[in-house]
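This is a predicted model, so every value here is computed, not measured. In what follows, every heavy atom counts, from backbone to side chain, and hydrogens, waters and symmetry copies are set aside.
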Amino acid sequence: MNSQLPAFTQAVFAVVKGIQKGQTMTYKEVAMAAGQPSAYRAVGNILNTNYNPDIPCHRVVRSDGTAGGYNRGVDQKIAILTSEKALKFSSNR
DNA sequence: GAGCTGACATGTT
DNA sequence: CAACATGCCAGCT
(Lines give C-alpha, C1' and ligand atoms only; values in the text may rest on other atoms or scores of the structure.)
Protein backbone atom coordinates (compact mmCIF):
# COMPACT_ATOMS: atom_id res chain seq x y z
CA MET A 1 0.00 0.00 0.00
CA ASN A 2 1.05 3.53 0.33
CA SER A 3 4.14 2.61 2.27
CA GLN A 4 5.75 5.52 0.54
CA LEU A 5 3.51 7.78 2.51
CA PRO A 6 5.47 9.48 5.24
CA ALA A 7 2.78 9.58 7.87
CA PHE A 8 5.13 11.71 9.84
CA THR A 9 4.94 14.54 7.34
CA GLN A 10 1.20 14.09 6.97
CA ALA A 11 0.75 14.47 10.71
CA VAL A 12 3.09 17.43 10.86
CA PHE A 13 1.17 19.19 8.12
CA ALA A 14 -2.16 18.46 9.75
CA VAL A 15 -1.00 19.75 13.11
CA VAL A 16 0.65 22.88 11.77
CA LYS A 17 -2.34 23.66 9.60
CA GLY A 18 -4.47 23.41 12.72
CA ILE A 19 -2.57 26.19 14.43
CA GLN A 20 -4.82 29.17 15.00
CA LYS A 21 -3.97 32.75 14.26
CA GLY A 22 -1.94 34.31 17.01
CA GLN A 23 -1.01 30.85 18.18
CA THR A 24 2.34 29.14 17.83
CA MET A 25 3.46 25.58 18.34
CA THR A 26 6.91 24.27 19.11
CA TYR A 27 8.83 21.67 17.15
CA LYS A 28 8.48 19.29 20.03
CA GLU A 29 4.72 19.79 20.18
CA VAL A 30 4.38 19.13 16.49
CA ALA A 31 6.72 16.17 16.58
CA MET A 32 4.81 14.63 19.48
CA ALA A 33 1.51 15.24 17.74
CA ALA A 34 2.99 13.64 14.66
CA GLY A 35 3.65 10.55 16.69
CA GLN A 36 7.42 10.83 16.90
CA PRO A 37 8.65 13.07 19.71
CA SER A 38 12.23 12.27 18.81
CA ALA A 39 11.83 13.56 15.30
CA TYR A 40 11.61 17.25 16.10
CA ARG A 41 14.76 17.64 14.03
CA ALA A 42 12.94 16.19 11.05
CA VAL A 43 10.11 18.68 11.55
CA GLY A 44 12.49 21.55 10.99
CA ASN A 45 14.03 19.73 8.08
CA ILE A 46 10.68 19.12 6.40
CA LEU A 47 9.57 22.70 6.84
CA ASN A 48 12.96 23.99 5.80
CA THR A 49 13.37 21.82 2.73
CA ASN A 50 9.81 21.51 1.58
CA TYR A 51 7.73 24.49 2.49
CA ASN A 52 4.06 23.89 1.77
CA PRO A 53 1.95 26.99 1.06
CA ASP A 54 -0.88 25.31 2.91
CA ILE A 55 1.20 25.14 6.02
CA PRO A 56 1.88 28.23 8.12
CA CYS A 57 5.28 26.96 9.15
CA HIS A 58 6.02 30.43 10.44
CA ARG A 59 3.76 29.48 13.33
CA VAL A 60 6.13 26.74 14.28
CA VAL A 61 8.60 28.13 16.74
CA ARG A 62 11.11 26.91 19.27
CA SER A 63 10.35 25.88 22.83
CA ASP A 64 11.19 29.38 23.96
CA GLY A 65 8.53 30.87 21.76
CA THR A 66 11.26 32.37 19.61
CA ALA A 67 11.18 32.17 15.85
CA GLY A 68 14.37 30.19 15.47
CA GLY A 69 14.58 30.17 11.69
CA TYR A 70 12.62 30.32 8.52
CA ASN A 71 13.34 29.07 5.02
CA ARG A 72 11.88 32.27 3.57
CA GLY A 73 13.94 34.50 5.81
CA VAL A 74 13.67 34.92 9.53
CA ASP A 75 12.72 38.55 9.00
CA GLN A 76 9.57 37.41 7.24
CA LYS A 77 8.71 35.09 10.07
CA ILE A 78 9.42 37.75 12.69
CA ALA A 79 7.21 40.22 10.87
CA ILE A 80 4.33 37.78 10.59
CA LEU A 81 4.49 36.58 14.16
CA THR A 82 4.83 40.11 15.40
CA SER A 83 1.70 41.03 13.49
CA GLU A 84 -0.05 38.08 15.07
CA LYS A 85 1.42 38.96 18.43
CA ALA A 86 2.43 35.33 18.61
CA LEU A 87 6.13 35.97 18.73
CA LYS A 88 7.82 36.23 22.06
CA PHE A 89 11.22 37.35 20.92
CA SER A 90 13.33 37.41 17.76
CA SER A 91 16.31 35.14 17.45
CA ASN A 92 17.67 35.30 20.92
CA ARG A 93 20.23 32.63 20.37
C1' DG B 1 27.62 17.73 35.38
C1' DA B 2 23.08 16.41 33.48
C1' DG B 3 19.09 17.09 30.62
C1' DC B 4 16.61 19.35 26.86
C1' DT B 5 16.22 21.50 22.23
C1' DG B 6 17.58 23.01 17.84
C1' DA B 7 15.02 25.60 10.73
C1' DC B 8 22.00 21.70 10.59
C1' DA B 9 24.41 17.67 8.66
C1' DT B 10 24.55 13.09 7.17
C1' DG B 11 22.58 8.77 5.64
C1' DT B 12 19.31 6.14 3.15
C1' DT B 13 15.78 5.52 -0.20
C1' DC C 1 19.12 16.02 -6.35
C1' DA C 2 15.05 15.91 -3.13
C1' DA C 3 12.83 14.44 0.99
C1' DC C 4 12.40 12.00 5.35
C1' DA C 5 14.53 10.26 9.93
C1' DT C 6 18.19 10.16 13.29
C1' DG C 7 22.47 11.76 15.36
C1' DC C 8 26.36 14.80 16.76
C1' DC C 9 27.41 19.04 18.81
C1' DA C 10 26.64 23.44 20.97
C1' DG C 11 24.14 26.47 24.07
C1' DC C 12 21.00 27.28 27.92
C1' DT C 13 18.81 26.08 32.49
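Note: CD (A:Gln10) to P (C:dA5) measures 10 Å, nearest angstrom. One atom, CG of A:Asn48, and another, P of B:dT10, lie 15 Å apart when rounded to the nearest Å. One atom, CE of A:Met32, and another, C1' of B:dG6, lie 14 Å apart when rounded to the nearest Å. Straight-line distance from the OH atom of A:Tyr40 to the P atom of C:dC8: 12 Å, rounded to whole Å. In this structure, CZ of A:Arg41 is placed 12 Å from P of C:dG7, rounded to the nearest angstrom. In this structure, A:Asn52 places its CG atom 16 Å from P of C:dA2, rounding to the nearest Å. Rounded to whole Å, the distance from NZ on A:Lys77 to C1' on B:dG6 is 11 Å.
You'll find that the side chain of A:Asn50 is closest to C:dC4, out of C:dC4, B:dG6, C:dT6. Residue A:Pro6 has its side chain nearest to C:dA5 when only C:dA5, B:dT5, B:dC8 are considered.
For the pairing with A:Leu47, the side chain to side chain contact (heavy atoms under 4.5 Å, CB included) check across A:Val30, A:Val60, A:Thr9 returns one residue only, A:Val60.
Through direct or relayed side-chain contacts under 4.5 Å between Ile, Leu, Val, Met, Phe, Trp and Tyr, A:Tyr70 connects to A:Tyr51.
As judged by a 4.0 angstrom heavy-atom cut-off over every strand, A:Val43 is placed among residues making no nucleic acid contact. Heavy atoms of A:Phe8 sit under 4.0 angstrom from primed sugar atoms or phosphate atoms, though from no base atom. Residue A:Ile46 is in sugar-phosphate contact alone, with no base atom involved, counting any heavy-atom pair closer than 4.0 Å across all strands shown.
The side chain of A:Thr9 places an N or O atom within less than 4.0 Å of a non-bridging phosphate oxygen (OP1 or OP2) of C:dC4. Taking side-chain N and O atoms only, A:Asn45 has no distance below 4.0 Å to OP1 or OP2 of C:dA3. Contact annotation: A:Ser63 reaches the phosphate of B:dG6 (side-chain N/O to OP1 or OP2, under 4.0 Å). A:Gln36 has a side-chain polar atom (N or O) that falls below the 4.0 Å cut-off from OP1 or OP2 of C:dT6.
Both A:Leu87 and A:Val74 sit in one connected hydrophobic cluster of ILVMFWY residues. Membership requires side-chain heavy atoms under 4.5 Å apart, directly or through other members.
Side-chain contact between A:Phe13 and A:Ile46 is present, with heavy atoms from C-beta onward closer than 4.5 Å. Residues A:Arg59 and A:Gln20 have side chains not in contact (no heavy-atom distance under 4.5 Å, counting atoms from C-beta outward).
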